[in-house]
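Shown next, in structure tokens, is the structure this report addresses.
Naming: A, B, ... by sequence-line order, numbering from 1 per chain.
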Amino acid sequence: MPELPEVETVRRGLDRILVGKQILSVDVLNDKTLQFAHTDLNTFVIGAKVVAVRRRAKMLIIDLDSDYSLLVHLKMTGQMVWRGAESWAAGHPNDSMVGDLPDRTTRIIFNFDDGQLFFNDQRKFGWIRLYPTNTLSDTPELAKLGPEPLTSDPTISFLRRIRRHPRTSIKAAILNQQVIVGVGNIYADESLWLAKVHPQTRVEGLSDDELLHLLECIQKSLQAGLNSGGSTMRNYVRVDGTRGNYLDKFAHVYGREGEPCDRCGHEIIKIKVAGRGTHICPNCQKLR
DNA sequence: CTAGGATCCTGTCAGC
DNA sequence: TGCTGACAGGATCCTA
């Protein structure tokens with residue numbers, strides 16, 4: 001799914017398009033996606049205007065002038081698509097970004113007077129919840145999260161939090177949102193390659209300096225993803241109309257098994273770590 | 001605390 | 001062609 005760079009790309013688009021607009025109605029095409037009392041739609045959502053669109057970890061926060069906020073998680077296959085005078089899409093890249101909507105992946109539709117916002121999610125893991133804006137930071141979803149890697153200084157918090165898991169693999173540790181937020185399977189692999197750390201290395205086997213260097217590599221990888229525009233309609237459809245892969249713009253190892261390492265030329269291999277497909281250069285990333 | 005597996009879903013792809 | 005199993009950018013829950 002969308003990791004931090006993709007969710008932040010969604011956030012920027014929604015903030016630009018939605019702020020100041022009023023939600024006229026909501027169509028619920030999949031009951032389980034909207035995870036709050038549906039009667040609350042009438043009380044706190046319909047008729048409200050969007051005040052701001054924020055992000056925490058991999059979640060979107062749509063603040064409404066009812067003093068309630070929609071909390072959105074795209075999980076593996078969630079995407080947001082705006083259709084109005086302008087057409088815009090970001091999140092999980094697939095044909096729903098460019099085809100007629102609603103389609104079979106559409107779960108929720110927010111209707112505005114000048115357009116529609118589609119929440120599409122093929123696998124139905126994604127969800128939308130509703131909380132009073134001033135209670136958000138105390139919710140189970142947000143309360144225990146680790147620091148943001150690209151805003152504020154995460155170093156002290158990161159070190160303290162990752163040291164709580166001395167015997168876990170470094171890959172599992174950086175995927176843990178209570179240690180550092182925003183890292184998913186792609187950016188975990190990219191960061192570990194950049195830092196030349198084998199994903200199965202135990203946390204206790206790395207010094208503070210090595211962990212902080214890895215943190216810098218996490219920040220660099222996430223920033224590279226963000227700079228390439230996350231996964232948006234623009235980079236999903238190439239100029240010639242064919243389908244593109246935004247990973248090509250920055251990925252060194254993810255999805256590149258069998259290809260040569262950009263640094264040493266050794267063949268990239270795919271293994272399994274922490275239950276996830278994991279891409280490494282076995283020459284650059286040796287298990288000590 | 002930790003590893004591993006199952007789970008929530010739908011779709012695609014490789015191999016037979 | 002059809003079938004089967006593995007796998008997919010997330011996260012939680014359970015067992016051992």
Side-chain angles (χ1 to χ4, degrees), chain A residues 1-10 29-33 35 56-60 71-79 90-97 99 103-107 119-129 139-146 161-192 199-205 218 221-222 224-226 228-232 235-236 243 245-258 270-279:
Chain A
M1 115 120 177
E3 305 179 36
L4 186 151
E6 291 74 46
V7 180
E8 176 61 18
T9 300
V10 174
L29 281 61
N30 186 65
D31 277 353
K32 292 178 76 174
T33 303
Q35 298 186 350
R56 176 74 173 109
K58 300 173 191 172
M59 287 170 279
L60 293 161
L71 185 64
V72 181
H73 203 311
L74 303 174
K75 288 293 183 89
M76 299 281 266
T77 56
Q79 72 182 187
H92 179 68
N94 64 24
D95 285 352
S96 298
M97 279 184 167
D103 67 9
R104 60 183 169 174
T105 73
T106 304
R107 309 304 175 200
F119 176 48
N120 299 331
D121 178 22
Q122 177 180 128
R123 291 175 73 179
K124 299 183 180 173
F125 293 167
W127 46 254
I128 300 179
R129 296 172 186 162
T139 61
E141 297 86 344
L142 300 197
K144 294 185 173 178
L145 290 173
R161 287 164 176 269
I162 202 166
R163 288 296 185 200
R164 290 176 195 163
H165 307 277
R167 280 169 293 284
T168 199
S169 69
I170 188 63
K171 175 160 178 174
I174 62 174
L175 285 172
N176 184 344
Q177 301 298 295
Q178 296 186 27
V179 169
I180 184 85
V181 303
V183 179
N185 206 34
I186 293 176
Y187 295 95
D189 285 2
E190 292 299 314
S191 307
L192 290 163
Q200 278 167 328
T201 310
R202 296 212 280 180
V203 171
E204 65 185 356
I218 289 171
S221 303
L222 292 171
L226 195 49
S228 80
S231 48
T232 58
N235 58 35
Y236 175 61
R243 305 298 189 247
N245 182 355
Y246 84 114
L247 287 173
D248 296 343
K249 295 183 182 177
F250 67 87
H252 294 285
V253 284
Y254 191 87
R256 293 200 149 175
E257 58 268 34
K270 187 174 179 183
I271 59 177
K272 185 157 274 204
V273 179
R276 314 289 301 275
T278 299
H279 311 72

Between [atom2] on [N] and [atom1] on [X], what's the gap in Å once rounded to a whole number?
{"X": "A:Q177", "N": "C:dG10", "atom1": "CD", "atom2": "P", "result": "8 Å"}
{"X": "A:L74", "N": "C:dG10", "atom1": "CG", "atom2": "C1'", "result": "11 Å"}
{"X": "A:K58", "N": "C:dG10", "atom1": "NZ", "atom2": "P", "result": "4 Å"}
{"X": "A:R276", "N": "C:dA8", "atom1": "CZ", "atom2": "C1'", "result": "9 Å"}
{"X": "A:M76", "N": "C:dC7", "atom1": "CE", "atom2": "C1'", "result": "9 Å"}
{"X": "A:R129", "N": "C:dG10", "atom1": "CZ", "atom2": "C1'", "result": "12 Å"}
{"X": "A:K270", "N": "C:dC7", "atom1": "NZ", "atom2": "P", "result": "7 Å"}

query: So what's the dot-bracket for DNA chain B: Watson-Crick or G-U pairs under 3.5 Å, [ ] if a pair crosses, | if it pairs off-strand?
result: .|||||||.|||||||
Can you tell me if [X] and [Y] form a side-chain donor-acceptor pair at under 3.5 Å?
{"X": "A:T105", "Y": "A:S96", "result": "yes"}
{"X": "A:D95", "Y": "A:Y236", "result": "yes"}
{"X": "A:D121", "Y": "A:Q79", "result": "no"}

message: As a quick check of understanding, evaluate side chain to side chain contact (heavy atoms under 4.5 Å, CB included) for A:M59 and A:L145, giving each step before the final call.
response: CA-CA 11 Å; A:M59 287 170 279; A:L145 290 173; 3.9 Å; yes
query: How long is the span from the CG atom in A:N30 to the CG atom in A:N120, to the nearest 0.5 Å?
result: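 With rounding to 0.5 Å, CG (A:N30) is 11.5 Å from CG (A:N120).
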What distance, rounded to whole Å, do you find between the two [atom1] atoms, one in [N] and one in [M]?
{"N": "C:dT1", "M": "B:dT10", "atom1": "C1'", "answer": "22 Å"}
{"N": "C:dG2", "M": "B:dC9", "atom1": "P", "answer": "28 Å"}
{"N": "B:dC8", "M": "C:dC3", "atom1": "C1'", "answer": "25 Å"}
{"N": "C:dC7", "M": "B:dG4", "atom1": "P", "answer": "15 Å"}
{"N": "B:dG5", "M": "C:dA6", "atom1": "P", "answer": "12 Å"}
{"N": "C:dG10", "M": "B:dC1", "atom1": "C1'", "answer": "22 Å"}

Give [X] one of three labels, base, sugar-phosphate or nothing, depending on what nucleic acid heavy atoms sit under 4.0 Å from its own.
{"X": "A:P93", "value": "base"}
{"X": "A:T105", "value": "nothing"}
{"X": "A:G184", "value": "sugar-phosphate"}
{"X": "A:G277", "value": "sugar-phosphate"}

task: Please confirm whether the backbone N or O of A:Q122 pairs with a side-chain atom of A:R107, one donor and one acceptor, at under 3.5 Å?
output: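 Judged by distance alone, yes, a pair lies under 3.5 Å.
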field: Steps toward side chain to side chain contact (heavy atoms under 4.5 Å, CB included) verdict (A:K249, A:N235)
entry: CA-CA 10 Å; A:K249 295 183 182 177; A:N235 58 35; 3.4 Å; yes
- request: May I ask you to say whether A:E3 pairs ionically with A:K58, meaning some side-chain N is under 4.0 Å from a carboxylate O?
  value: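 Not counted as a salt bridge, because no side-chain N and carboxylate O are separated by less than 4.0 Å.
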message: Are the side chains of A:Q35 and A:I128 in contact, using a 4.5 Å heavy-atom criterion?
response: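 Heavy-atom side-chain distance check fails, nothing below 4.5 Å.
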- prompt: What are the 5'-most and 3'-most nucleotides of DNA chain B lying under 4.0 Å from any heavy atom of chain A?
  reply: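 For DNA chain B, the relevant span reads B:dT2 to B:dG11.
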task: Enumerate the residue pairs fulfilling salt bridge (charged side-chain N to carboxylate O under 4.0 Å, His left out) with a member in residues 165-188 of chain A, sequence neighbours excluded, ordered by first and then second residue.
output: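 The answer is A:R167-A:E204, A:K171-A:D189.
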